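Step one of this worksheet: look at the structure below.
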Number of protein chains: 2
Amino acid sequence: MSRIGLTKDIILQSAMEIVDKIGAENLTLKVLADKLGVRSPSLYNHFNSLSDLLTALMLYGWKQLEYRVMQAAIGKSKDDAIKSMCAAYLNFTLEHLGLFNIMQSYNQHISQETIAATSGLIETIRQVLSAYNLSEKYEVHTIRVFRSFLQGYVYLVQHDSFGNSVSIRDSFNVGVGILLKGLKENENIKLGK
Amino acid sequence: MSRIGLTKDIILQSAMEIVDKIGAENLTLKVLADKLGVRSPSLYNHFNSLSDLLTALMLYGWKQLEYRVMQAAIGKSKDDAIKSMCAAYLNFTLEHLGLFNIMQSYNQHISQETIAATSGLIETIRQVLSAYNLSEKYEVHTIRVFRSFLQGYVYLVQHDSFGNSVSIRDSFNVGVGILLKGLKENENIKLGK
DNA sequence: TGACAAAACTAATCTAATTAGGTAAAATAT
DNA sequence: ATATTTTACCTAATTAGATTAGTTTTGTCA
């Protein structure tokens with residue numbers, strides 16, 4: 001009977017598949033261990049606790065999202081870049097509902113690592129925004145407003161909070177459009193209030 | 001030894017105090033029962049399960065938020081009403097971080113009741129928006145965009161995701177301002193695309 | 001080959017939710 | 001007022017899941 005040879009990455013990959021398939025609330029060490037062909041205490045050789053594992057999974061998710069959003073910005077600038085990045089964000093989260101759930105709910109405790117995991121993402125956004133010549137303060141405001149919209153939109157879609165039949169993508173694009181217009185209002189105002 | 005005389009409302013009130021004080025993740029039946037001067041199985045006379053209790057707590061929260069936002073709109077119209085409502089939303093959620101956490105995380109399962117609980121809120125928003133003469137489709141888009149921004153903003157504040165020192169209220173107001181401008185773009189366009 | 005570290009195991013423990021079944025206070029009916 | 005029923009509460013037991021302790025196995029490297 002040969003050893004399986006688990007690694008953190010293999011475990012996280014499996015955990016991701018599980019949460020995306022059966023929902024974040026149904027991830028238990030037993031379910032995960034079964035999928036990996038191992039007994040649940042064995043997972044403690046790789047993670048100190050379930051909470052540790054979920055934290056790692058959250059960071060794993062942010063890294064992937066960061067990669068996708070950065071990819072989307074390559075070769076584009078200004079509005080095109082932003083639209084593409086926003087679409088990439090939406091697409092990733094819709095593909096990974098369970099994972100995104102964990103990305104949201106498990107960053108309560110350790111904000112340092114979370115900030116580190118999302119800093120690349122924010123840096124990318126900052127680079128794209130630099131083309132708009134925003135004042136420093138307005139750049140911060142703008143990033144916050146975009147992040148809020150994205151975060152909230154996906155959350156509401158994920159929880160089926162948009163009752164009726166108007167297209168999810170249409171409303172999303174309208175939202176991005178509104179934010180882009182707001183961005184123009186503050187373009188080139190280097191001494192913004 | 002006389003009976004305590006619990007009711008659902010008393011239990012929910014206590015539960016709210018607990019989650020706002022020590023965080024949603026630390027609410028257990030034992031903690032709640034201790035606070036109420038009762039043994040944990042006794043709570044099953046009032047709720048079928050912890051999940052039931054949390055669901056009720058979520059709805060309880062939405063009702064209160066609805067009330068506060070409606071109050072904020074009284075005697076105001078158009079931009080003033082919207083600004084006031086948004087501020088009320090932000091204030092409520094900042095006062096009730098734990099409760100809001102549960103309001104977010106526990107509407108995964110029963111969307112019907114959640115929709116019922118938030119329908120009054122959405123109706124209020126719709127009334128205020130009617131002054132703008134938006135096309136039907138744009139009204140839906142607009143509500144979705146506002147909700148997304150509010151939801152996301154509060155979420156990010158709650159999770160300390162806004163690293164630096166620019167004022168939380170300022171960015172919020174900038175965001176509301178951007179959305180209001182976007183709203184004007186579509187004002188009086190009765191045949192919006 | 002032999003020794004060490006790591007990865008896996010089984011068995012046991014702990015904590016929290018839940019269930020079963022009993023008792024007594026309160027509410028209701030006679 | 002008394003009898004009956006309901007129900008809020010209790011204790012004790014069960015279950016599920018995370019975690020810990022201690023052991024065995026396996027791969028690696030001197």
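First the proteins, then the strands, lettered A, B, ... as listed; each starts at 1. Given the structure is predicted, the values throughout are model-derived calculations rather than measurements.
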Qualifying salt bridge (Lys or Arg N to Asp or Glu O under 4.0 Å) pairs with a residue from residues 114-135 of chain B, counting only residues at least two apart or across chains: B:E123-B:R126, B:R126-B:E139

d(CG, B:L43; C1', C:dT19) in whole Å: 15 Å

Geometric cation-pi criterion, A:K78 with A:Y132: 6.0 Å, 45°: yes

Rounded distance in Å - CG (B:N45) to C1' (C:dG22): 13 Å

Gap between atoms CG and P, on B:L32 and C:dT15 respectively (whole Å): 20 Å

Integer-rounded Å distance: C:dA6 C1' and A:N48 CG: 15 Å

Whole-Å distance separating the CD1 atom of B:I4 from the P atom of C:dA24: 17 Å

Distance-only side-chain donor-acceptor flag, B:Q71 / B:Y67, under 3.5 Å: yes

Audit row: B:F146, B:C86, side-chain contact (heavy atoms from CB on, under 4.5 Å) steps and yes/no: CA-CA 9 Å; B:F146 265 96; B:C86 288; 4.1 Å; yes

Ionic contact status for A:K184 with A:D79, cut-off 4.0 Å: yes

Nearest-Å distance for atom pair CZ/C1', residues B:F47 and D:dC9: 16 Å

Which atoms of nucleotides 11-18 of chain D (N or O only) lie under 3.5 Å from a protein N or O atom, and what are those distances?
| from | atom 1 | to | atom 2 | distance (Å) |
| --- | --- | --- | --- | --- |
| D:dT11 | OP2 | B:R39 | NH1 | 3.4 |
| D:dA18 | OP1 | A:L29 | N | 3.3 |
| D:dA18 | OP2 | A:L29 | N | 3.1 |

Phosphate-side-chain proximity, A:H46 and C:dA6, N/O vs OP1/OP2 below 4.0 Å: no

For A:H96, all residues meeting ring pair (Phe, Tyr, Trp, His ring centres under 6.0 Å), sequence neighbours excluded: A:F92

